[in-house]
2 protein chains.
Amino acid sequence: MNKPARKTRSGARGSITIKDVARYAGVSPMTVSRVVNGSQYVSDATRQTVLQAVRRLGYSPNIAARNLASARGERMGLLYGNPSASYLSEFLVGALDAATRHGVQLVLEKCELTPAASRRAVRRLVSGGAVGAVLPPPLCESTVIRAELQAAHMQIVAVAAGRPPADLMCVRIDDFAAAQEMTRYLLALGHERLGFIKGHPNQSASEERWRGFSSVVQEAGHLPAPRVEQGFFTFRSGLDAARKLLATEPVPTAIFASNDDMAAAVMAEAHRRGLEVPHDLTVVGFDDSLIASTIWPGLTTIHQPIAQMAGEAVDLLVTAVRGGKGHGPVESPHRLVAYELVARESAARPKGTAD
Amino acid sequence: MNKPARKTRSGARGSITIKDVARYAGVSPMTVSRVVNGSQYVSDATRQTVLQAVRRLGYSPNIAARNLASARGERMGLLYGNPSASYLSEFLVGALDAATRHGVQLVLEKCELTPAASRRAVRRLVSGGAVGAVLPPPLCESTVIRAELQAAHMQIVAVAAGRPPADLMCVRIDDFAAAQEMTRYLLALGHERLGFIKGHPNQSASEERWRGFSSVVQEAGHLPAPRVEQGFFTFRSGLDAARKLLATEPVPTAIFASNDDMAAAVMAEAHRRGLEVPHDLTVVGFDDSLIASTIWPGLTTIHQPIAQMAGEAVDLLVTAVRGGKGHGPVESPHRLVAYELVARESAARPKGTAD
DNA sequence: CCCCGCTCTGGTATCGCTACCATCCTCCCG
DNA sequence: CGGGAGGATGGTAGCGATACCAGAGCGGGG
């Protein structure tokens, strides 16, 4: 019999195992496991004892072991490759956090929007062992990607699609309502000559934002018809749109751009024409992307809790994947989260109005 | 004896185990393991057989099991909380990728720069079981954080510190050389009246970039003294600096800002004054952050391979942590990676110069 | 010709945790 | 007061992989 301790247990970090806790608390490892995993079948007294032991010893479960034993640790794909990618960093933070919580692994895969690239990306994901995928915008609009993923029997969650297909799991804000709120905000400030820059026609959120805007304008009734330009969510397209909006009289007193990049472009063009923001022109955006708080004056915009949305997307995915293993389909595959109008310096009452 | 198959193996995804491969290839699981892990002690014939079996069966090792068996799967902390945070998304992509490669878990922790917040963040990291930490800028400059981490016996890798302490593992570009190259680029275009906006005095990269710039200016000899303003890496500070640089004659023909946010501010201010970029004024930045390619005209800047740097940081960390378990200290704890000057539209020959 | 050392391969014992089953005990009901 | 339901606990057997050791085959030096 050669059974010397194979490894010096002392020095190693984080080497406190469930057995140590069990011994310390005077219970069996199983009971500790139950406490740690929040099973109901533990008496309060025992639970307290164990929790104390856990705290005293600084126990933290070994994820690898846990995953191995419980057949968890699935891999979840996150397809990214966002042209207007201010989302990504916050998105990753939220997704990674949720993934850690659930003990699943997050696999990143870059993906262009061409069919060929999509196919390749999905294939890499599949061969990487992913069982589900999170699709941030604008990838969630790609039918090719969706088809490829579904063909591979993957669970999918779309994030921030404006009007998602009913059969798709989805986490989003109410773009329509948010655009309405922003428009009402402009009206409340006293603006009447409004300009609007639409988003990319391929993304369903664009339509929603536009509908929100125009519904409020129509509701108000008395306003002059707003000036509208088509944009494509890029700074450059915003510049072109702004040029048109600002070149011909009557110049709007407020411009609502469908995202922040375009709003920043409007500000740049306004400044070039000698207009001060917000004194001569109010500019508002949508998304609260990085650029909104980077530039000066700061952009009044709609904040999306991107990290939270990404987190919920992963939650949804995990539920779907695990649920699918035994139970029925997921209860409510659509999740609406709260947006927030963030007032910074780029919006004010129109010139010549009392404060 | 009750030994019915506890679980239907068939339906589960990715359930091909090392044993299946071994059986298929007619070897022992150990041999498969050796092949998969690239051990040298496998004959070529066997290796080929096994590899074929792996491919045929679509085998992919179970990370949880692997980590458990080999005592890997450590947790690595990533402290973030970057005020000028264009880094983060690329950074995360690179770090997560490397973490996946090594089979370690990445734990994110947000961290403000105040001592109290730092302490709290580090404590959370420790209690989360992290054994090492990656410090992106500007956190790597904080002595408080470093001290806290070292007190907790964590391995640390700083990323993109301009002049890191010699005893710290570090991945960075040569800020000095990059600034030199950019300055030479401006001179080569024919610019002589230069402006420079310094970075935040608390970050050592600022000093390096400034040194790089001025060394080339001095080398050149014949130039008029450059105009220099202090900035703080923010858009706002760039705006203030630009205002000063552009308000007083002689106005520079080219302005080199120590980062992209400030360079974007210079462009904004230039446009406000009716100067066209690059026709009337050349503007260049540093970092190649998101804003550099968002705005128009695109910013000529120094590209840092952020994802790669983050990945190498994790590599370094893993090596240090695993190495520390048995071997000596890490060989070369400093890693320089290649930067690249990215020429976009914001830099051109000065006005009135032949092309 | 034997022994040593090297390459290559297989067996066995875990890694830390949880699933499942067996057990014990309490309390309620008839 | 016996039997059954169900709460609370412990024992045992893996999850899928690697570490370590043992052993088989082979070539070369003494």
Side-chain angles (χ1 to χ4, degrees), chain A residues 1-9 12-23 25-50 54 57 59-74 103 129 322 325-326, chain B residues 1-9 12-23 25-50 54 57 59-74 103 129 322 325-326:
Chain A
M1 285 267 280
N2 51 351
K3 277 202 177 184
R6 250 213 297 172
K7 201 176 281 181
T8 332
R9 180 138 320 285
R13 168 181 305 275
S15 57
I16 290 135
T17 76
I18 202 170
K19 281 188 192 166
D20 299 325
V21 179
R23 205 173 311 127
V27 298
S28 80
M30 267 317 301
T31 302
V32 177
S33 172
R34 285 194 191 95
V35 170
V36 170
N37 293 290
S39 156
Q40 56 170 322
Y41 294 112
V42 184
S43 71
D44 272 345
T46 311
R47 186 186 306 279
Q48 291 313 320
T49 316
V50 171
V54 165
L57 266 41
Y59 167 71
S60 128
N62 179 316
I63 315 160
R66 191 204 292 257
N67 286 344
L68 179 55
S70 54
R72 288 218 193 79
E74 305 93 343
R322 301 218 170 126
K325 270 183 184 166
Chain B
M1 285 271 279
N2 52 350
K3 276 202 178 186
R6 253 214 297 172
K7 203 176 280 180
T8 330
R9 182 135 320 284
R13 170 181 302 276
S15 57
I16 290 133
T17 76
I18 201 168
K19 281 187 192 167
D20 299 326
V21 179
R23 205 172 312 126
V27 297
S28 79
M30 268 315 302
T31 301
V32 176
S33 172
R34 277 191 274 262
V35 169
V36 170
N37 292 288
S39 157
Q40 57 171 318
Y41 295 112
V42 183
S43 71
D44 272 345
T46 310
R47 185 186 307 277
Q48 290 313 320
T49 315
V50 171
V54 166
L57 267 42
Y59 167 71
S60 129
N62 179 316
I63 315 163
R66 193 206 291 258
N67 285 344
L68 180 57
S70 54
R72 288 218 191 80
E74 306 92 344
R322 302 218 170 128
K325 269 184 184 165

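Residue numbering restarts at 1 for every chain, and letters A, B, ... go by the order of the sequence lines.
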(request) Taking all heavy atoms of A:V27 and all of A:V32, pick out the closest pair and write down the distance. (result) CG2-CG2, 3.8 Å
(request) Please identify each residue that fulfils side-chain hydrogen bond (donor to acceptor under 3.5 Å, both in side chains) with B:T49, with sequence neighbours left out. (result) none
(message) Check the phosphate of C:dG16 against A:R66, side-chain N and O only, distance under 4.0 Å to OP1 or OP2. Yes or no?
(response) no
(request) Rounded off to whole Å, could you give me the CG-to-C1' distance for the A:N67 and C:dC15 pair? (result) 14 Å
(request) Of all the heavy-atom pairs spanning B:A22 and B:S28, show the shortest one and how long it is. (result) CB-C, 3.7 Å
(request) Name the nucleic acid region contacted by A:P29, choosing base, sugar-phosphate or nothing; use a 4.0 angstrom heavy-atom cut-off, strictly under. (result) nothing
(message) Just the rounded figure in Å: distance from P of D:dA17 to CG of B:L68.
(response) 12 Å
(message) Holding to side-chain contact (heavy atoms from CB on, under 4.5 Å), I want the full list of residues that pass it with B:A65, two or more places apart in sequence or in another chain.
(response) A:L68, B:N62
(request) Sequence neighbours left out, what passes side-chain contact (heavy atoms from CB on, under 4.5 Å) with B:R47? Give chain and number order. (result) B:V35, B:V42, B:D44, B:L51
(message) Could you work out how much the helix from C:dC1-D:dG30 to C:dG30-D:dC1 bends, comparing the axis of its first five pairs with that of its last five, to 10°?
(response) 50°
(request) Please report the shortest heavy-atom distance between B:I18 and B:P29, naming the atom on each side. (result) CD1-O, 3.6 Å
(request) Give the rounded distance in Å between these two atoms: CG of A:N62 and C1' of D:dC15. (result) 13 Å
(message) Looking at every non-hydrogen atom in both residues, tell me the closest pair between B:I16 and B:Y59 and how far apart they are.
(response) O-CD1, 3.1 Å
(request) Just compare D:dG10, C:dC17, D:dT18 and give me whichever is closest to any side-chain atom of A:S28. (result) D:dG10
(message) Give the residues of residues 30-50 of chain A touching DNA chain C, defined as any heavy atom closer than 4.0 Å, sorted by residue number.
(response) A:M30, A:S33, A:N37
(message) Measure CD1/A:I63 against P/C:dC15 and give the value in whole Å, please.
(response) 18 Å
(message) Just the rounded figure in Å: distance from P of C:dT18 to NZ of A:K19.
(response) 13 Å
(message) According to side-chain hydrogen bond (donor to acceptor under 3.5 Å, both in side chains), who are the partners of B:S39, at least two apart in sequence or on a separate chain?
(response) none
(message) My understanding is that only residues two or more places apart in sequence, or in another chain, count here; which of them pass side-chain hydrogen bond (donor to acceptor under 3.5 Å, both in side chains) with A:R66?
(response) A:N37
(request) Starting from C1' on C:dG10, measure out to CZ on B:R23 and report it in whole angstrom. (result) 16 Å
